[in-house]
Amino acid sequence: MQIKLSPSILSADFANLARDIAVAVDAGAEYVHVDVMDGHFVPNLTIGAPVVKALRKATDAVLDVHLMISNPDQYLDDFIAAGADIITVHAESNGDTRAQLEKIRAAGVKASCTIKPGTPVTELIPLLPLCDMVLIMTVEPGFGGQGFIPECMDKIRAVRQAIQDGGYACELEIDGGAKLANVADIVAAGADVIVAGSAVFGGDIAGNVRAFHDKFADGVKMAQWSK
Ligand code: DX5
Ligand code: ZN
């Protein structure tokens, strides 16, 4: 059972993104998490499709693009054309989430849906057949460096159960507040893709990536689920 790390570049050096990504990937990071914020869906502004396009030229890494934007319908084509490998849309965003997921998949990109901490898993579970990955937000989206919301652990367990019950080939990612101290428990609860921003890019990037993988092994030993 492989657990993947998706370092969030929100906490990387924005003047040296290609360099920081290369260090993380060379140390074993499986994905690279790209947080797109529009200053409307969340109270913060980050980057758009042009940066994804530039990163696509700079790395072969799997670009895991998390859209925290009000109107995905307006921008999906741009992110697909930019070379995203995985695109995550929020169930709370405007538009028809099912149609958005279908459009992403039809373009040959992996489709993913996510819910904010206050949104129940019943919004996500019916979408599992349309998703290659689902993302449980474990902080309020908008900023790196926040604390993991403990109540989200039950949501991870519930979605893992639903994936197993339905036999879906769907990864379960979590995003926000993952640290070396809590990540084994998060994996044990059912997550198999871990986003970590501040805990990877704060300090020794390569050392942090390796330390996360060591903790993943601990979590797998504790896990009551398998795939
Ligand atoms: C929050 C972002 C996260 C964030 C994670 O809105 O979606 O990806 O960067 O950062 P940490 O790991 O520092 O909580
Ligand atoms: Zn994110």
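Start at 1 and go down the list; that is how both ligands and their atoms are numbered. Nothing fancy with the numbering, it's 1 onward along the sequence.
Heavy-atom proximity to H33, at under 4.0 Å, picks out these atoms of ligand 1: 8 (O). The contact set between ligand 1 and D175, taken as ligand atoms under 4.0 Å from a residue heavy atom, comprises 2 (C), 3 (C), 4 (C), 5 (C), 7 (O), 8 (O). Shown in contact with M37 at under 4.0 Å from a heavy atom are these atoms of ligand 1, numbered in order with element: 6 (O). Applying the 4.0 Å criterion to heavy atoms of V195 picks out, from ligand 1, the atoms 8 (O). Residue S198 has at least one heavy-atom neighbour below 4.0 Å for each of these atoms of ligand 1: 11 (P), 12 (O), 13 (O). Distances below 4.0 Å separate heavy atoms of G176 from the following atoms of ligand 1: 14 (O). Annotation for ligand 1: atoms under 4.0 Å from non-hydrogen atoms of M68 are 6 (O), 7 (O).
Protein heavy atom in closest approach to atom 1 (C) of ligand 1: F143 O, 3.6 Å.
M133 is listed as a side-chain neighbour of D64, based on a closest heavy-atom distance under 4.5 Å. Here the side chains of V52 and D78 are not in contact, with every heavy-atom distance at 4.5 Å or above. In this structure, the side chains of V42 and E140 stay at 4.5 Å or more apart for every pair of heavy atoms. Side-chain atoms of Q224 and R160, non-hydrogen and from C-beta on, never get closer than 4.5 Å to each other. I186 places a side-chain heavy atom less than 4.5 Å from the side chain of F148.
A donor and an acceptor atom, one from each side chain of S198 and K179, are located under 3.5 Å apart. In summary, the side chains of E92 and T119 do present a donor paired with an acceptor at a separation below 3.5 Å, with no hydrogens or angles considered.
Residues L128 and L172 share a single hydrophobic cluster, defined by chaining ILVMFWY side chains whose heavy atoms lie under 4.5 Å apart. Note on V109: it clusters hydrophobically with V32, by side-chain heavy-atom contacts below 4.5 Å among ILVMFWY residues.
The N, O or S atom of D175 lying closest to the Zn ion (ligand 2) is OD2. Restricting D35 to its N/O/S atoms, the shortest distance to the Zn ion (ligand 2) is reached by OD1.
Distances shorter than 4.0 angstrom do not occur between any heavy atom of A199 and any atom of ligand 1.
Checking only distances, G142 does come within under 3.5 Å of ligand 1, N or O to N or O. Any N or O atom pair closer than 3.5 Å counts here, and G197 shares at least one such pair with ligand 1. An N or O contact shorter than 3.5 Å is missing between E140 and ligand 1 by distance. Considering both main-chain and side-chain atoms, K179 never comes within under 3.5 Å of ligand 1 through any nitrogen or oxygen pair.
Looking at S8 against ligand 1, only its side chain comes within 4.0 Å, counting heavy atoms.
An angle of 100° is found at the Zn ion (ligand 2) between H33 atom NE2 and H66 atom ND1, rounded to 10°.
When atom types are taken as modelled, the side chain of N208 and the backbone of A199 share a donor-acceptor pair closer than 3.5 angstrom.
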